[in-house]
Amino acid sequence: MKVGVIGTGHVGLPTAATLAHIGHDVVAYDTLESKIEQLNRGEMPFFEAQMAELVREGLDAGRISFTGDPATAIKGADVVFICVGTPPRSTGEASLVAVEQAAETCARCADGDLVVVDKSTVPAGTGERVAEVLSHHNTENNFAVVSNPEFLREGTAIYDSLNPSRILVGSSSDRGLEVMKRLYQPLIDRGALFMTTDIATAELAKHASNAFLALKISFANALARICEATGGDVVEVADAMGVDPRIGRAFLNAGLGYGGYCFPKDIAAFERLSSRLGYDFGLLREVARINDETIDAAFTKIERALWNLEGKRVAMLGLSFKPGTDDTRFSPALALAARLIGAGVTVIGYDPEANATASREMPELEVAQDLYSALEQADCVVIATDWPEFADLDLQKAKELMKRPLIVDTRNLLVPAAVAEAGFQYIPMGRPELKPRQ
Ligand code: UGA
């Protein structure tokens, strides 16, 4: 099938690459000309595992191309995906300006009947608005509007696209649903679950899924505070809860809380939507409040351990909002770094992928080019993102380089006993602190 994709960000690009991989002819449009040139050369604008390979495969096979001209992506297409940003307004609501513009562009450029798919995360009711815009600007063609929310995780976006937990498609149009089934048939043949609903239900399922995952994380973080007060261990409590299949272990890791461009903004937008619809979803405000509090909890632990913060040197391992990505948007690591810098600490950050994005976002942060040079003369190491390589930290080498053997492990990544055996004071989140054992 011929597919147009509007937007080549963290949703649009993996979607375009995956659809080309399963055999469709994809043209992706973006307004940023420099990005288009970069993509047509096979260079990626951000890091995502397997993406460069998939885009290269599509370019070589002639199944994917990138354009700065919307008509090239939309004319002759069977399906057009809207994958534009829905950034938060100061009120917490999602701004839908780009979605409206994309719908208008579809209406202007369409030269036949078209299925218009919204993949951007939007509040319930957006599909109806998109349908209005399409019919207002184009009375000649028939449009079927579909909501097809994405459940991709950054860092594993390509894996998730090729192995989706579900393909959720909402529409009031039988033609829309039928075209979407044909589009995804190669994945359905490999066992992917295909679910159809009305459009508002699909839109709601996206917000509800993210909100529920964030709720699990905040539950674990609240539990961490109780564990600290009682001497319990939040990791073991989560393990004991998680073996119950009704609860599940996933997303019960206490630490520095959730960040990124999805959870914080989606929870705020869902709360705002509920309030506008007349339901006070206070639980969502509490989820966000507990999440903010985790930064305070980590800051307090560091301050308590270091006493006066002015002039101290902290090595921060991990700057991205989670491992596997160079994305630092709403990164809890950067929020903690900002608090420390504000209190007079020199923070030297190191991240396997996100040094450059972190420096751009926070110029006052120093970054080290390798892990061990970040540790030189540090009063404390803070593990702020759970990159797997940090679990293999050479503790002896770290101890020799540092001014003081102190690790604040805000992601509960290390094995506590091993850290203490190596002569470090060890401060985790929601677990007993350990004194150095040598
Ligand atoms: C999230 C959802 O997991 C995806 O299903 C969804 O498609 C996506 O948002 C989106 O709306 O686009 P993502 O933001 O990439 O994906 O990241 P997650 O892996 O969900 O992690 C989010 C945050 O929660 C990270 O900061 C992570 O460190 C934190 N987290 C996760 C915890 O603090 N504890 C946990 O147990 C799990």
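In this text, all values refer to a predicted model and were calculated from it rather than measured experimentally. Read the numbers this way: they start at 1 and go in the same order the structure lists the ligands and their atoms.
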Worksheet item: Does any pair with a residue in residues 251-262 pass side-chain hydrogen bond (donor to acceptor under 3.5 Å, both in side chains), and if so which ones, sequence neighbours excluded?
Response: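 Qualifying pairs, neighbours excluded: Arg249-Asn253.
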
salt_bridge([X], [Y]) N-O dist < 4.0 Å:
X      : Y      : result
Glu271 : Arg285 : yes
Arg313 : Asp379 : no
Glu361 : Arg329 : no

Worksheet item: Would you say the ring centroid of Phe424 lies under 6.0 angstrom from that of Tyr426?
Response: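 No, the ring of Phe424 stays outside the 6.0 Å limit from the ring of Tyr426, centre to centre.
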
Worksheet item: Can you pull the residues with any heavy atom under 4.0 Å from ligand 1?
Response: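 Residues within 4.0 Å of ligand 1: Glu150, Phe151, Leu152, Arg153, Glu154, Lys206, Asn210, Ile217, Phe251, Leu252, Asn253, Gly257, Tyr258, Gly259, Cys262, Phe263, Asp266, Phe321, Lys322, Arg411.
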
Item to complete: List the atom of Ile167, the atom of Pro164, and the distance in Å for their closest heavy-atom pair.
Response: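 What the structure gives for the nearest pair is CG1-CG, 3.8 Å.
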
